[in-house]
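Here is the structure we will look at.
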Amino acid sequence: MNILILGSGGREHTIAWKLNQSKKLSKLFVAPGNAGTAAIAKNIPIGVNDFQAIKEVVITEQIHMVVVGPEDPLVNGVHDFFLNDIDLKNIPVIGPQKAAATLEGSKDFAKEFMMRHNIPTAAYKSFTADTLAEGQAFLETLKAPYVLKADGLAAGKGVLILQDLEEAKKELASMLVDSKFGDASTTVVIEEFLDGIELSVFVLTDGKNFKVLPTAKDYKRIGEGDTGLNTGGMGAISPVPFASEGFMSKIHNQIVKPTVEGLAKDNLPYKGFIFIGLIKVDNEPKVIEYNVRLGDPETEVVLPRLQNDLVEVFEAVGNQTLDAIDIKIDERTATTVMTVSGGYPEAYEKGKEITGLDAVDGSIVFHAGTKLDGNKVVTNGGRVMAVTSFGANFKEALAQSYKNVEKLHFDKINYRKDLGFDL
């Protein structure tokens, strides 16, 4: 099969690395890709939302399947574009159709979905600029901390958790009236704060059947001890040590099953990954958010543990025969440490040469924000590369990742040195 992956981050490099192990793969293409995917696939310099250009590549390169990495093209309807085009409609797309992708595209839609299907989540209300005064009054009924979420996509940065009531009121006005997050914050969801420990569960569904993939926990904040600004993720661990069999069975029965059944009941066609962001509160799981694709950097620890042929798994998703696949998981723990550009998640410079890649031993390096400059690999984003390792437990795996991170060099390299501190 010839397969096209859309995206350019660590998640897409990991998907490419995993697909590359399949005997069923003929040619692999990544659009636009990065320096890591360039080594194992053919990069095509087009944007993930340029559907017309994607169509041309699919036809020219005789692509048999498209795997969508990021949320943007899914929320913008890339799957529907294929289904509505006579030349493309028989090509399987791994990723939900536009209506179902609204689960990530709108926090308000996701909360309504959870309420409708009795899926445990935090209590909430939604507000717009017209109901700002009501929103500020609602904040007064809550206890600190106050959680404000931009309804739309804000590149992972649209969630504020604030301790001070007056600051929360001011930020609500800034989001709704001053468009702090652009169109993403024309509606803002105010939520009760849930106190607990977070984890993510990954589900793959063909629209009828589903398989639960390994759990993972990522670390979002830039600073040690989970301090500082939110990032796209500074590292991840899989499996999550505290996700016992009993707890997983609650997740399966109270959350995963009602989610997949709810999608079918609501006529939201879904073939692809469901990322369920959860929090464990007093040994009960509650949903924080849905993403309609694999998480990043969780992909860098979840897919390396999958022992199946990923092309076969994706074929089963396309054919709705996922029930016939027996998912096999490596029992070892996988960890990944993300190296980032100095200044990230605020302003940072690109184009810094990366050295030491050839010295890495016993870990897998997944490129995120990198590109080729002649024969040099240079930085091209905030999150630069993730170093993934296996171990008997998370401490052993992390020790291996850190040993290899120390071999990588670029100007102002930064990474969290305390991953797993809360486990």
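Side-chain contact between Val378 and Phe410 is absent, with no heavy atoms from C-beta onward closer than 4.5 Å. Within the 4.5 Å cutoff, no side-chain heavy atoms of Phe275 are placed close to those of Leu294. For the pair Tyr415/Val387, no side-chain contact is recorded, criterion being any heavy-atom separation below 4.5 Å from C-beta on. Inter-residue side-chain proximity for Tyr124 and Glu112 is flagged as met; some heavy-atom pair is nearer than 4.5 Å. Side-chain atoms of Lys271 and Gln320, non-hydrogen and from C-beta on, do get closer than 4.5 Å to each other. When side chains are defined from C-beta on, Thr335 does not count as touching Leu419, because their heavy atoms never get closer than 4.5 Å. Proximity of Asn230 to Pro345: side-chain heavy atoms (C-beta onward) are nowhere separated by under 4.5 Å. The shortest side-chain heavy-atom distance between Val377 and His367 falls under the 4.5 Å cut-off.
Residues satisfying the salt bridge (Lys or Arg N to Asp or Glu O under 4.0 Å) criterion with Arg305, sequence neighbours excluded, are absent altogether. For Ala99, the side-chain contact (heavy atoms from CB on, under 4.5 Å) partners are Leu268, not counting sequence neighbours. Residues satisfying the ring-ring contact (aromatic ring centres under 6.0 Å, His included) test with Phe138, not counting sequence neighbours, are Phe127. Take Leu194 and apply the side-chain contact (heavy atoms from CB on, under 4.5 Å) test, not counting sequence neighbours, and it matches Ala122, Glu192, Ile279, Val281, Lys286. Partners of Asn404 by side-chain hydrogen bond (donor to acceptor under 3.5 Å, both in side chains), not counting sequence neighbours, listed by chain and number: Ser363, Lys407. Residues satisfying the side-chain contact (heavy atoms from CB on, under 4.5 Å) test with Thr187, not counting sequence neighbours, are Ser126, Thr128, Asp151. Scored by the side-chain hydrogen bond (donor to acceptor under 3.5 Å, both in side chains) test, Tyr146 finds no partners at all (sequence neighbours excluded). For Asn414, the side-chain contact (heavy atoms from CB on, under 4.5 Å) test picks out Ile222, Val340, with sequence neighbours left out.
Between Phe81 and Phe51, the angle of the ring planes lies from 30° to 60°, which puts this pair in the tilted group. Classification of the Phe366-Trp17 ring pair by plane angle, with boundaries at 30° and 60°, yields perpendicular.
Nearest heavy atom pair, residue Pro304 against residue Thr299, reads CD-O, 3.4 Å. Between Ser341 and Thr379, the shortest heavy-atom distance links the atoms OG-CB, 4.4 Å. Taking every heavy atom of both residues into account, Leu423 and Pro241 meet most closely at CD1-CD, 4.0 Å. Residues Pro92 and Asn90 share a closest heavy-atom pair of CD-O, 3.4 Å. In this structure, Gly9 and Asn34 approach most closely via the heavy-atom pair O-ND2, 3.5 Å. Nearest heavy atoms, Gly47 versus Ile54: O-CD1, 4.0 Å.
In this structure a side-chain-to-backbone donor-acceptor pair under 3.5 Å is present from Asn308 to Asp326. Of the possible donor and acceptor atoms, none in the side chain of Glu104 sits under 3.5 Å from a partner among the backbone N and O of Thr102. Between the side chain of Thr131 and the main chain of Glu134, no donor-acceptor pair closer than 3.5 Å is present. In this structure a side-chain-to-backbone donor-acceptor pair under 3.5 Å is present from Ser389 to Ser401. Of the possible polar contacts, none joining the Thr215 side chain to the Ser200 backbone as a donor-acceptor pair under 3.5 Å is found. Using modelled atom types, one side-chain atom of Asp80 and one backbone atom of Lys98 make a donor-acceptor pair closer than 3.5 Å. Of the possible donor and acceptor atoms, one in the side chain of Arg416 sits under 3.5 Å from a partner among the backbone N and O of Gly223. When atom types are taken as modelled, the side chain of Thr121 and the backbone of Val287 share a donor-acceptor pair closer than 3.5 angstrom.
Shown here is Asp183, whose CG atom has no more than 12 heavy atoms of other residues, nucleotides or ligands within 6.0 Å. The number of heavy atoms from other shown groups lying within 6.0 Å of CD (Gln307) is above 12. By the 6.0 Å contact criterion, NZ on Lys169 is enclosed, its count of non-hydrogen atoms from other residues, nucleotides or ligands being greater than 12.
Rounded to the nearest 0.5 Å, atoms CG (Leu74) and CG (Leu103) are 11.5 Å apart. The distance from atom CG of Asn319 to atom CG of Asp206, rounded to the nearest 0.5 Å, is 9.0 Å. One finds the NE2 atom of His409 at 12.5 Å from the CG atom of Asp411 (value rounded to the nearest 0.5 Å). In this structure, CG on Asn209 lies 6.0 Å from CG on Leu322, to the nearest 0.5 angstrom. Separation of atoms CZ (Arg383) and OG1 (Thr370) is listed at 13.0 Å; rounding is to 0.5 Å. Atoms NZ and CD1, on Lys257 and Ile119 in that order, are 12.0 Å from each other to the nearest 0.5 Å.
For the pair Glu191 and Lys111, the salt-bridge criterion is met [side-chain N within less than 4.0 Å of a carboxylate O]. Salt bridge present: Glu284 and Lys250 bring a charged side-chain N and a carboxylate O closer than 4.0 Å. Salt bridge annotation for Asp108-Lys149: absent, with no cationic side-chain nitrogen under 4.0 angstrom from a carboxylate oxygen. Comment: Lys371 does not engage Asp373 in a salt bridge, judged by the lack of any side-chain N to carboxylate O separation of less than 4.0 angstrom.
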Practice problem: Let me see the working for Leu148 and Leu139 under side chain to side chain contact (heavy atoms under 4.5 Å, CB included), right down to the final yes or no. | Solution: CA-CA 10 Å; Leu148 309 183; Leu139 282 168; 4.1 Å; yes

Practice problem: Let me see the working for Val58 and Leu88 under side chain to side chain contact (heavy atoms under 4.5 Å, CB included), right down to the final yes or no. | Solution: CA-CA 8 Å; Val58 167; Leu88 305 176; 3.8 Å; yes

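Residue pairs meeting the salt bridge (charged side-chain N to carboxylate O under 4.0 Å, His left out) criterion with at least one partner in residues 1-22, sequence neighbours excluded, do not occur; the list is empty. Applying the salt bridge (charged side-chain N to carboxylate O under 4.0 Å, His left out) rule to pairs touching residues 49-67 yields Lys42-Glu61, Lys55-Asp85, Lys55-Asp87, sequence neighbours excluded. Within the structure, salt bridge (charged side-chain N to carboxylate O under 4.0 Å, His left out) pairs that include any residue of residues 19-30 comprise Lys24-Glu315 (at least two apart or interchain).
Figure legend: Lys280 and Phe242 shown without cation-pi pairing, the cationic atom not lying both under 6.0 angstrom from the six-membered ring centre and within 45 degrees of its axis.
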Side-chain donor-acceptor pairs of residues 170-179 under 3.5 Å, sequence neighbours excluded:
unit_1 : atom_1 : unit_2 : atom_2 : d
Glu171 : OE1    : Lys180 : NZ     : 2.9
Glu171 : OE2    : Lys180 : NZ     : 3.4

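Aromatic pair Phe210/His252: centroids less than 6.0 angstrom apart.
Side-chain contact of Asp418 with Tyr219: a donor-acceptor pair under 3.5 Å is absent, judged by distance alone.
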